[in-house]
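Below: the structure, in structure tokens.
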Amino acid sequence: MDNTALLAADRNTLWHPYSNTSKDNPLYAVKSASGCTLTLADDRRLIDGMASWWSTIHGYNHPTLNQAITTQLESMAHVMFGGLTHEPAIQLAQSLIRLTPEGLNRVFLADSGSVSVEVALKMARQYWLAKKQPKKQKFLAFSHAYHGDTFGAMSVCDPDNGMHALFSAQLPQQHFCAAPLPTWGNTFNPDIHLSDIKNTLKKHHHEIAAVILEPIVQGAGGMRFYSPQTLQGIKQLCVEYNVLLIADEIATGFGRTGKWFACEHADITPDILCLGKALTGGYMTLAATLCTDDIAQSISDSDCGVLMHGPTFMANPLACSVANASIALLEQNHWPQQVSAIEQQLTQALAPAKAIEGVKNVRTLGAIGVIELERPVDMQRIQPFIVDQGVWLRPFGKLLYTMPPYCINAHELATISQAMLETCQFHNSHYNSRHNKT
């Protein structure tokens with residue numbers, strides 16, 4: 001099918017994420033991808049500033065990752081993980097235990113980020129049942145949090161301003177605190193910045209199984225960066241009040257913030273760690289939930305005796321093989337230097353946005369660059385404008401941001417940065433034009 005036929009067929013059959021089925025939504029067909037470039041069906045080329053929702057850290061069509069899948073395919077594409085095992089899964093588990101904060105020695109391999117959060121919530125609940133404390137079944141989460149789209153994960157997302165407020169009546173009711181403060185680089189005051197969570201834990205710790213958070217960076221809930229000292233303080237409070245700490249590193253894991261894992265900024269080990277997105281270099285869906293020996297052994301020794309979760313495609317050999325290759329590439333490619341270079345360039349290149357009317361804040365951390373606007377973007381107008389700049393970005397709400405592949409070069413990143421500045425100008429002029437008419 002040509003480009004027109006592709007788009008027409010899509011609009012008649014498919015339903016895209018966080019979208020409606022209107023035939024007026026901006027839509028672009030991709031026919032190939034290589035490096036940091038998407039080639040559309042109409043032959044336009046776009047520099048990808050999103051790394052396919054933050055996952056394609058090595059770029060597209062990477063020969064090493066291609067070969068890993070091809071080699072594995074020659075032996076087996078899939079085998080059930082109930083009662084069976086295989087080398088790619090074992091190798092991946094060993095690598096994750098080696099790379100993640102010390103003490104996380106058990107790995108549960110699942111399908112997606114949301115599922116890894118579901119598994120983490122189940123682990124925490126089953127742990128306290130095993131410890132004969134059945135009242136500890138609720139969770140403490142934060143405003144601006146986002147942990148996934150399945151029902152358990154939705155229950156620990158921001159209940160008022162998050163994307164899942166529509167389902168609040170059906171979701172388990174959890175405890176929530178204000179979003180972690182202070183913002184990155186600002187002065188930390190424990191009496192101020194930990195008071196809300198401390199008071200909540202003091203009052204409700206008897207029924208709280210775990211605190212769940214996105215360490216250092218709150219992602220889809222606002223791209224907010226907060227102090228490592230806050231994370232340290234939260235960990236200490238979890239120990240003091242005898243609740244577990246679940247760290248959701250689905251977005252931040254594998255170098256995105258300048259550390260292997262964002263927990264390293266605070267030098268803490270969570271009790272449970274969720275991973276996904278970049279785990280396979282963006283090639284296949286795969287996630288992992290890691291936990292301590294205490295959690296694994298307590299559940300295993302309990303009356304139930306098993307963790308009550310078992311995805312059909314758990315530990316898929318193709319996904320595990322490409323994940324192993326992606327981790328090896330990270331170690332070979334000196335990713336800290338790549339991410340540091342991205343951070344330095346984004347910090348300098350996005351700074352002029354601070355002077356643009358309608359811009360509220362500009363911030364960078366690792367391979368993340370964010371321009372926060374004062375007003376939400378009009379995607380019907382903004383998306384085509386960005387594409388016309390030769391760049392692929394996907395703003396949401398008031399946020400225009402980039403999380404590019406680590407392999408991006410300086411020229412490509414400069415093009416993305418310039419497109420972000422131009423988009424801010426366009427967004428502001430469009431708002432002023434519409435406002436003046438009214």
Side-chain angles (χ1 to χ4, degrees), residues 81-111 113 115-131 133 136 139 209-215 231-232 234-236 238-239 242-250 252-255 259-280 286-302 304-311 314-317 319-321 323-324 326-328 330-331:
F81 212 56
L84 300 174
T85 192
H86 50 81
E87 186 174 354
I90 296 167
Q91 180 184 344
L92 178 57
Q94 290 175 331
S95 293
L96 293 178
I97 291 169
R98 171 175 59 86
L99 294 170
T100 54
E102 186 175 357
L104 298 169
N105 296 323
R106 285 288 171 176
V107 182
F108 190 97
L109 296 170
D111 308 73
V115 176
S116 76
V117 171
E118 298 286 344
V119 171
L121 300 181
K122 286 184 176 181
M123 281 182 178
R125 284 181 163 138
Q126 284 197 235
Y127 174 77
W128 291 114
L129 291 174
K131 291 294 186 180
Q133 297 191 52
K136 292 173 73 69
F139 296 92
V211 172
I212 182 169
L213 51 73
E214 301 157 275
L231 182 55
Q232 288 176 337
I234 293 172
K235 171 64 177 179
Q236 291 167 2
C238 287
V239 173
N242 197 31
V243 301
L244 302 178
L245 177 62
I246 300 171
D248 174 354
E249 293 234 27
I250 294 163
T252 54
F254 303 100
K259 301 283 188 181
W260 267 107
F261 302 97
C263 285
E264 295 175 38
H265 288 285
D267 194 25
I268 63 122
T269 297
D271 300 287
I272 302 173
L273 176 68
C274 300
L275 302 174
K277 288 193 182 293
L279 177 58
T280 67
L286 183 69
T289 307
L290 286 79
C291 70
T292 62
D293 286 326
D294 178 42
I295 291 173
Q297 197 62 50
S298 296
I299 293 172
S300 298
D301 292 342
S302 68
C304 178
V306 297
L307 177 64
M308 296 302 294
H309 205 88
M314 178 178 179
N316 170 259
C320 290
S321 294
N324 289 326
S326 177
I327 290 172
L330 279 170
E331 295 183 304

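Note that the structure is a prediction, hence the values are computed from the model and not measured. What you see below is based on every heavy atom in this structure, not just the backbone, and it leaves out hydrogens, waters and symmetry mates.
Here Cys238 contributes atom SG and Asp271 contributes atom CG; the two are 7.5 Å apart, rounded to the nearest 0.5 Å. To the nearest 0.5 Å, atom CD1 of residue Ile212 and atom SG of residue Cys274 are 6.0 Å apart. Here CG of Leu245 is found 7.5 Å from CD1 of Ile234. Values are rounded to the nearest 0.5 Å.
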Distance-only donor-acceptor hits, side chain of residues 118-130, under 3.5 Å, sequence neighbours excluded:
from   : atom 1 : to     : atom 2 : distance (Å)
Glu118 : OE2    : Thr150 : OG1    : 2.5
Glu118 : OE2    : Gly152 : N      : 2.8
Glu118 : OE2    : Ala153 : N      : 3.0
Lys122 : NZ     : Met308 : O      : 2.9
Lys122 : NZ     : His309 : ND1    : 2.9
Arg125 : NE     : Gln137 : O      : 2.8
Arg125 : NH2    : Gln137 : O      : 3.1
Gln126 : OE1    : Met308 : N      : 2.9
Gln126 : NE2    : Val306 : O      : 2.8
Tyr127 : OH     : Asp294 : OD2    : 2.7
Trp128 : NE1    : Ala209 : O      : 2.9

Pair up each side-chain donor or acceptor in residues 260-268 with any protein partner under 3.5 Å, not counting sequence neighbours, and list the distances.
from   : atom 1 : to     : atom 2 : distance (Å)
Glu264 : OE2    : Phe261 : N      : 3.1
His265 : NE2    : Thr257 : O      : 3.3
His265 : NE2    : Thr257 : OG1    : 3.0

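Scanning all heavy atoms of the two residues, the minimum distance from Asp111 to Pro311 falls at OD1-CB, 2.7 Å. Heavy-atom minimum distance, Ala278 versus Gly253: CB-O, 4.5 Å.
With sequence neighbours left out, Asn242 forms a side chain to side chain donor-acceptor pair (under 3.5 Å) with no residue at all. In terms of the side chain to side chain contact (heavy atoms under 4.5 Å, CB included) criterion, residue partners of Thr269 (sequence neighbours excluded) are, by chain and number, Pro101, Leu104. Partners of Asn316 according to the side chain to side chain donor-acceptor pair (under 3.5 Å) rule, which considers only residues two or more places apart in sequence or in another chain, are His78. Partners of Ala89 by side chain to side chain contact (heavy atoms under 4.5 Å, CB included), not counting sequence neighbours, listed by chain and number: Phe81, His86, Leu109, Ala315, Cys320. With sequence neighbours left out, the side chain to side chain donor-acceptor pair (under 3.5 Å) criterion links Ser321 to Gln72. Listed by chain and residue number, Asp301 satisfy the side chain to side chain donor-acceptor pair (under 3.5 Å) test with Gln297 (two or more places apart in sequence, or in another chain). Residues that satisfy the side chain to side chain contact (heavy atoms under 4.5 Å, CB included) test with Ala323, not counting sequence neighbours, are Leu92, Leu279, Thr280, Leu286. Residues passing the side chain to side chain contact (heavy atoms under 4.5 Å, CB included) test with Gln236: none are found, sequence neighbours excluded.
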Check against side chain to side chain contact (heavy atoms under 4.5 Å, CB included), Ser116 and Ile250: CA-CA 9 Å; Ser116 76; Ile250 294 163; 3.6 Å; yes
Worked check of side chain to side chain contact (heavy atoms under 4.5 Å, CB included) between Leu96 and Leu290: CA-CA 8 Å; Leu96 293 178; Leu290 286 79; 4.1 Å; yes
Side chain to side chain contact (heavy atoms under 4.5 Å, CB included) evaluation trace for Val117 with Asp248: CA-CA 7 Å; Val117 171; Asp248 174 354; 4.1 Å; yes
Step-by-step side chain to side chain contact (heavy atoms under 4.5 Å, CB included) determination, Leu244 to Ile295: CA-CA 10 Å; Leu244 302 178; Ile295 291 173; 4.0 Å; yes
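Side-chain atoms of Thr252 and Glu214, non-hydrogen and from C-beta on, never get closer than 4.5 Å to each other. Side-chain contact between Asp293 and Arg106 is present, with heavy atoms from C-beta onward closer than 4.5 Å. Side-chain contact between Thr289 and Ile272 is present, with heavy atoms from C-beta onward closer than 4.5 Å.
Remark: the backbone N or O of Pro88 is paired with a side-chain donor or acceptor of Asn324 at under 3.5 angstrom.
A side chain to side chain donor-acceptor pair (under 3.5 Å) check over residues 87-97, counting only residues at least two apart or in different chains, returns nothing.
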